[in-house]
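Okay, so here's the structure we're looking at.
Keep in mind that this is a model prediction, so the values were computed, not measured. Order of appearance sets the numbers: ligands from 1, and atoms from 1 within every ligand. Computed over heavy atoms, backbone and side chain alike; hydrogens, waters and symmetry mates excluded.
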Amino acid sequence: MGLRSSTTTEMHFEGVVIPEDRLVGAPGQGLQIALSALDAGRLGIAAVAVGIAQAALDYAIEYARERQTFGRPVIEHQGVGFLLADMAARTEAARATYLVAARRKDNGRPYTRQASVAKLIATDTAMAVTTDAVQVLGGAGYVLDHPVERFMREAKITQIFEGTNQIQRLVISRQLADPTR
Ligand SMILES: Cc1cc2nc3c(=O)[nH]c(=O)nc-3n(C[C@H](O)[C@H](O)[C@H](O)COP(=O)(O)OP(=O)(O)OC[C@H]3O[C@@H](n4cnc5c(N)ncnc54)[C@H](O)[C@@H]3O)c2cc1C
């Protein structure tokens, strides 16, 4: 559907010997180390998602100012203006959410839950905002002439990789049950 600039393929490792001096951490810690890498990755995905949402919003605003129906720019029809307002509010809220998590990381504080919250909120926002951007452009949004259909396709993967959003809810709910996790 998207990510066309990046090759996506499965990798298989069979009978690979790794020299002992290349060991990361201590034996038995591997999964924990691998999972901790996901926290930072989730922040990155949240930032990407906000970028996609912002690009879709900017394009939709520009188009809605230009496109005229019934004698006025479509942005002046309340149905479209309020849709854009909701898109802007969601994008700003998502940006604030991942910045909270990023500041905790920068300050050396635990941020596992905040990273999952940021990934969940930002990527669901990107999906909603890009879908609405297609709506703002009407039929023009659905065809290849404008980038909003691509933004919508690119937003979808952010809800799936680096842990699906169902898994983010699992991380968050487990932490709520036991804050030491
Ligand atoms: C384009 C692309 C790029 C990718 N890049 C990478 C990469 O660079 N590195 C990498 O390691 N992986 C990468 N992945 C893999 C990606 O992280 C996984 O696809 C993703 O984590 C989901 O796993 P899955 O596909 O096995 O889905 P499944 O685990 O089979 O999930 C299927 C459905 O069940 C839900 N589900 C599964 N378990 C639970 C549960 N316990 N509770 C509730 N719901 C659940 C999921 O949310 C999903 O809706 C990439 C995938 C794609 C498509």
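- Val117 and Val171 fall into different hydrophobic clusters, where Ile, Leu, Val, Met, Phe, Trp and Tyr are joined by side-chain heavy atoms under 4.5 Å apart, directly or via other members.
- Of all the atoms in ligand 1, the ones that sit under 4.0 Å from a non-hydrogen atom of Leu3 are 1 (C).
- Polar contact check, Thr164 against ligand 1: a nitrogen or oxygen pair lies under 3.5 Å apart.
- Protein heavy atom nearest atom 21 (O) of ligand 1, with residue, atom name and distance: Ile160 O, 3.9 Å.
- Taking every heavy atom of both residues into account, Ala49 and Ala126 meet most closely at O-CB, 3.4 Å.
- Taken together through direct or relayed side-chain contacts under 4.5 Å among Ile, Leu, Val, Met, Phe, Trp and Tyr, Val50 and Leu99 form part of one hydrophobic cluster.
- Counting only heavy atoms, the protein never gets under 4.0 Å from atom 27 (O) of ligand 1.
- Using a 4.0 Å cut-off between heavy atoms, Ile157 contacts ligand 1 through its side chain alone, with no backbone atom that close.
- At least one protein heavy atom sits closer than 4.0 Å to atom 47 (O) of ligand 1.
- Looking at Arg67, its side chain never comes within 3.5 Å of a backbone N or O of Leu137 through a donor-acceptor pair.
- For atom 35 (C) of ligand 1, the nearest protein heavy atom is 4.0 Å or more away.
- The protein does not reach atom 32 (C) of ligand 1 closely, with no heavy atom under 4.0 angstrom from it.
- Of all protein heavy atoms, the one lying nearest to atom 49 (O) of ligand 1 is Gln166 OE1, 3.7 Å.
- Judged purely by atom type and a 3.5 angstrom limit, Arg153 uses its side chain to pair as donor or acceptor with the backbone of Met1.
- Of the N and O atoms on the side chains of Tyr59 and His146, at least one donor lies less than 3.5 Å from an acceptor on the other residue.
- Hydrophobic clustering, with ILVMFWY side chains joined whenever heavy atoms are under 4.5 angstrom apart, keeps Ile167 apart from Leu120.
- Residue, atom and distance of the protein heavy atom nearest to atom 42 (N) of ligand 1 are Ile167 CD1, 4.5 Å.
- For residues 29-41, every residue pair satisfying the side-chain hydrogen bond (donor to acceptor under 3.5 Å, both in side chains) rule, not counting sequence neighbours, is listed here: Asp39-Thr112.
- Protein heavy atoms come within 4.0 Å of atom 2 (C) of ligand 1.
- Nearest non-hydrogen protein atom to atom 14 (N) of ligand 1 is Phe161 CB, 4.4 Å.
- Within 4.0 Å of atom 53 (C) of ligand 1, at least one protein heavy atom is present.
- Proximity of a side-chain donor or acceptor of Lys119 to a complementary backbone N or O of Thr158 within less than 3.5 Å is detected.
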- request: Could you please spell out the steps behind the side-chain hydrogen bond (donor to acceptor under 3.5 Å, both in side chains) verdict for Gln114 and Arg109?
  value: CA-CA 11 Å; Gln114 288 79 7; Arg109 297 171 67 197; over 6 Å; no
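- Protein heavy atoms are absent from the 4.0 Å sphere centred on atom 6 (C) of ligand 1.
- Heavy-atom proximity to Thr8, at under 4.0 Å, picks out these atoms of ligand 1: 1 (C), 2 (C), 3 (C).
- Distance remark: protein heavy atom present below 4.0 angstrom from atom 44 (N) of ligand 1.
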